[in-house]
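First the structure, then my questions, so here it is.
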Protein chains: 2
Amino acid sequence: MQAEVQTRRSPNGTPDRPKGDLWTRSVLDRFEPFSCAVAIPRAQAIRGRADQAEFCWRILSGCVRTVEWLGGGRRQIGAFLWPGELLGIDDGSEHCTDAEAVTEVALRRYPRRMIETAAQNDTELALWLLTMTARELSSARQHIALLGHKTAIGKIATFLLAQDRRATSFERRFVELPMSRGDIADHLGLSTETVCRNLVHLQHIGTVRLSSSGIDLRDRVGLLKLAVE
Amino acid sequence: MQAEVQTRRSPNGTPDRPKGDLWTRSVLDRFEPFSCAVAIPRAQAIRGRADQAEFCWRILSGCVRTVEWLGGGRRQIGAFLWPGELLGIDDGSEHCTDAEAVTEVALRRYPRRMIETAAQNDTELALWLLTMTARELSSARQHIALLGHKTAIGKIATFLLAQDRRATSFERRFVELPMSRGDIADHLGLSTETVCRNLVHLQHIGTVRLSSSGIDLRDRVGLLKLAVE
DNA sequence: CGTTATCTTGAAAGATTTCAACCAATGTGG
DNA sequence: CCACATTGGTTGAAATCTTTCAAGATAACG
């Protein structure tokens, strides 16, 4: 994030770099010859603990979840990733985060090791990695605030608005929710039943309308009010 | 983190870089001429939202808390920082995180803007920033798992062990806890009373011994078992 | 079309918070 | 030096939220 700001200023006559997604594309394009397309069926693992550091992926279509396993079969879902987003670019080698396909997923796989090695002698690449990592950090902190201080209904409202923001750039109002209630629960630190009940409750008060493939946001202002609780 | 690993390998004949804290020192030493010493009294703000991006600090002595304000006077304490740790090096410009002195604090203040500008043309600097940010991200994710899936006693046990790991490198067994119960509560997503009760409970079962300035860890193994709950 | 997984709903159990009070330590002014 | 105010810590009891357990409904799938 901060790197992006700096870029815009072009200190010391540094050439302007393309911003945001454009920047990502221009960086990854250099590694396109070493990449390959991957298709993963629904509910399959994209990577296990083994090839942790070997690859990273760009999501072309579908939805991905990142999963961390805790003792006792409990799991924490870090995030849901959508087309255009990157997976595994910023993971430390220590943490064992798995990634699984929520829906059928099409990916492009890049050689992470090669990218990191190249970054050793390439400032632009290093700055890009920094920007990506800082972005992740920012959203991780937001999630911490959510988990630490929000009530169930607040968590769910926040989640719906977040999905709304990222997933539907065209078709307004309707949010696809391909993940299960259990997935949402493990993302928000709730039980499946609590997610269910609150979703139904939101429908009762007319804030949303549930359907099989997703959810229709009827009252974003109402959601926003609930989201702070 | 990943950058550090790469460094050890020295791909492409890249010169080895000092690791960990040594690396941090060697990087910051370059900016020493532009730094200055700061002393902050107990309970005072180190930075507000205003000078968000202007500076970063290295903690020389004392304990610092990072605070994010949510609606309704609620606050989330992101972390407690101890001597040797850095404050504000990896914050995005968007997020409004304050920092306050838990105890009297001595700091060295560095020009963050200058560092970031320099990183635009300095790969080592950029990689160092990347390493720092990735480290933050890693611990943020650990905290997410804690907040999402651990019970009160598990959160507190985890917290005590974490403080033990970082704060006391010499004096074994005893952990200083200069922060208030309320601080701990806002860090772990609990109420003051719950923190209190569980701390007392740990004392009752002989796992710890409370004192005015901190806590004596009697049974680390026991704590470790509780920490997964 | 039957089987399985997911979603929903209800009721009871459990954990944590809230409200309220009390205690201990600290600091201040008379 | 002491009464008093203030802050942070501790404890109790009731209220609240969420989970757990259990079962039925719905949707998905071979």
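All chains are named by letter (A, B, ...) in the order of the sequence lines, taking the proteins before the strands, and each is independently numbered beginning at 1.
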Whole-Å distance separating the CG atom of A:D183 from the P atom of C:dC7: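 Taking CG of A:D183 and P of C:dC7, I get 8 Å after rounding.
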Donor-acceptor contact below 3.5 Å, side chain A:Q163 vs main chain A:L160: no
Where protein sits on nucleotides 16-30 of chain D, one letter per nucleotide: B base, S sugar-phosphate only, - none, heavy atoms under 4.0 Å: -SSBBB---------
Separation of C:dT16 C1' from B:I156 CD1 (nearest whole Å):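 B:I156 atom CD1 is separated from C:dT16 atom C1' by 11 Å.
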B:L147 CG to C:dT16 P, straight-line distance once rounded to whole Å: 13 Å
Distance, rounded to the nearest Å, where A:H201 contributes NE2 and C:dT9 contributes C1': 15 Å
Geometric class of the B:H187/B:F80 ring pair [parallel <30°, tilted 30-60°, perpendicular >60°]: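 If you compare the ring of B:F80 with that of B:H187, the planes turn out perpendicular.
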Carboxylate-amine/guanidinium contact A:R75 A:D183, below 4.0 Å: yes
Interatomic distance, A:L210 CG vs C:dT6 C1' [rounded to whole Å]: 14 Å
Nearest-angstrom distance from the residue atom CD1 of B:I215 to P of D:dG9: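 To the nearest whole Å, that distance equals 12 Å.
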Spacing between B:M179 atom CE and D:dT7 atom C1', to the nearest angstrom: 18 Å
B:R181 CZ - C:dA24 P separation (whole Å): 16 Å
Salt bridge flag under 4.0 Å for residues B:E32 and B:R108: yes
Derivation and outcome, side-chain contact (heavy atoms from CB on, under 4.5 Å), residues A:E100 and A:I40: CA-CA 9 Å; A:E100 301 166 355; A:I40 310 276; over 6 Å; no
Sidechain N-carboxylate O distance under 4.0 Å for A:E54, A:R112: no
